[in-house]
There are 2 protein chains.
Amino acid sequence: MSEKFIHFRKFLAERGYKTTRQRDLIARTLFQSGRHISVEELYQHVRKQDPRIGLVTVYRTLKLLMEAGLVEERHFGEGHTLYEEGLREHHDHLICTHCGKIVEFENHIIEGLQEEVAKKYGFIILSHKHELYGLCETCQPSTPQGRPHENLTTLPVSSA
Amino acid sequence: MSEKFIHFRKFLAERGYKTTRQRDLIARTLFQSGRHISVEELYQHVRKQDPRIGLVTVYRTLKLLMEAGLVEERHFGEGHTLYEEGLREHHDHLICTHCGKIVEFENHIIEGLQEEVAKKYGFIILSHKHELYGLCETCQPSTPQGRPHENLTTLPVSSA
DNA sequence: CTTGAAATTGAAATTCAGTTTCATCTGAGG
DNA sequence: CCTCAGATGAAACTGAATTTCAATTTCAAG
Ligand SMILES: [Mn+2]
Ligand SMILES: [Mn+2]
Ligand SMILES: [Zn+2]
Ligand SMILES: [Zn+2]
């Protein structure tokens, strides 16, 4: 947790940017949060500690953290933008469309096949997005049914 | 082309909706367009034939076409919403981040492995999104360089 | 310390894609 | 033809994100 913090400060210094109370608080709060947090959630957590911080500053700080490589932005289906720690190993996601649960996975065979597909069409892959949308164990009809996630009135059902 | 048109009219009738000059034009124009068209492009094409048609009507008609299963909405990276013909075989996409070229692919081995991943975590997949972002042959550094796509100032570079 | 230029902040305004509202118009069944 | 539910389009609205700008803060130099 501290390392990332130091990394961020170093990044700011290198670019002639300043270390501020707000940036410290936002970064610290983000690093302490669990994976896959939304701007609004982060903003609320930050506000509890300092109610005068503006949402704009959260957006701006997230952008800086992304430039620093410490954070990655994910777009899980329309309008569900979440942030997670960067500098981690690559992985893709399983997303429950009912309760919002997100499970990470990585599969080297799939990654390899992707490269083959790209080669076949003469592409060089720079990044990719592989998301599996469906029902997690607790949200499947047969089982004791999980509760729908608060903020997931309309969850993505991207490609058919 | 005509079959889809008939299908749409039938769909409208079944639901007590009306066949209108606007819906006919929008549907016809869409069916004639190439794959992966944006609302704005479609709107412009439609306008050339009837300048008094509103953008709202294009949005509304696309929604109807989606309900009819004739069109699918795709979200290629933030804010790049495109529409393509529905009722086709499932496929995924390769997207050139430089010129915007889109190539479709399907790989049954990948699809199978996806299912395995889902099973491993107890998920039932309802849909998925698999997009490979990178450079197409003509946009690769070595080759005679393609021109950047007009509307692609900022193209998606989703997961790292 | 003190100072001041440059960077940062947050409120408010702005943008952008998409949706809703509503008065007016029109398709299609009788 | 009539009628009226459904459709249209202009304008207003929404929500996420960005820009603007005056006031504030950082930090390096003195
Ligand atoms: Mn993740
Ligand atoms: Mn396609
Ligand atoms: Zn679930
Ligand atoms: Zn290209």
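Labels below follow one simple rule: chain letters A, B, ... track the order of the sequence lines, proteins then strands, and each chain is numbered from 1.
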Item checked: Spacing of B:Gln22 atom CD relative to C:dT24 atom C1', expressed in whole Å -> 13 Å
Item checked: Donor-acceptor side-chain pairing of B:Glu131 and B:Tyr133 below 3.5 angstrom -> yes
Next item on the list: Figure out the CG/C1' separation between A:Asp24 and C:dA7, and round it to whole Å.
Entry: 15 Å
Notebook entry, point to check: How close or far is atom P of C:dA6 from atom NZ of A:Lys18, stated in whole angstroms?
Noted result: 10 Å
Note to self: Tell me whether the side-chain N/O atoms of A:Thr20 come closer than 4.0 Å to OP1 or OP2 in D:dT25.
What the structure shows: no
Checklist line | Residue met sooner reading DNA chain D from 5', once B:Ile53 and B:Arg15 are mapped to nucleotides | finding: B:Arg15
Check: Does a side chain donor of either A:Thr61 or A:Gln22 reach within less than 3.5 Å of an acceptor in the other side chain?
Finding: no
Notebook entry, point to check: Distance from B:Leu82 atom CG to B:His75 atom NE2, nearest 0.5 Å?
Noted result: 9.5 Å
Next item on the list: Determine yes or no for a side-chain-to-main-chain donor-acceptor pair under 3.5 angstrom, with B:His108 supplying the side chain and B:Glu106 the backbone.
Entry: no
Next item on the list: Nearest-nucleotide wise, let me know which of B:Arg52 and A:Tyr17 is further upstream toward the 5' end of DNA chain C.
Entry: A:Tyr17
Item checked: Distance, rounded to the nearest Å, where A:Leu25 contributes CG and C:dT9 contributes C1' -> 14 Å
Margin query: Using whole Å, what does the distance between atom C1' of nucleotide C:dT8 and atom CZ of A:Arg21 come to?
Written below: 11 Å
Check: Across the strands shown, which category fits B:Gly16 at heavy-atom distances under 4.0 angstrom: base, sugar-phosphate, nothing?
Finding: sugar-phosphate
Next item on the list: Would you mind telling me which of D:dT18, C:dT9, D:dT8 lies closest to the side-chain atoms of A:Thr57?
Entry: C:dT9
Notebook entry, point to check: Whole-Å distance between D:dT8 C1' and B:Leu64 CG?
Noted result: 13 Å
Check: Any idea which of C:dA28, D:dG9, C:dT19 is nearest the B:Thr19 side chain?
Finding: C:dA28
Margin query: Need to verify one output field. Residue with the more 5' nearest nucleotide on DNA chain C, A:Asp50 or B:Leu55?
Written below: A:Asp50
Next item on the list: Please state how far atom CG in B:Leu12 lies from atom P in D:dA7, giving the value in whole angstrom units.
Entry: 8 Å
Check: Quick one: does A:Arg21's side chain get under 4.5 Å of A:Thr19's, heavy atoms only?
Finding: no
Item checked: Separation of D:dA17 C1' from A:Leu42 CG (nearest whole Å) -> 15 Å
Notebook entry, point to check: Nearest to the side chain of B:Arg23, which nucleotide is it out of C:dT19, D:dA17, D:dA7?
Noted result: D:dA7
Item checked: Any B:Thr81 side-chain nitrogen or oxygen under 4.0 Å from OP1 or OP2 of C:dG18 -> yes
Notebook entry, point to check: Does B:Tyr59 have a side-chain nitrogen or oxygen under 4.0 Å from the phosphate oxygens OP1 or OP2 of C:dG18?
Noted result: yes
Next item on the list: Look at the side chain of A:Arg60 against the base of C:dG10 and say whether a donor-acceptor pair falls under 3.5 Å; ignore hydrogens and angles.
Entry: yes
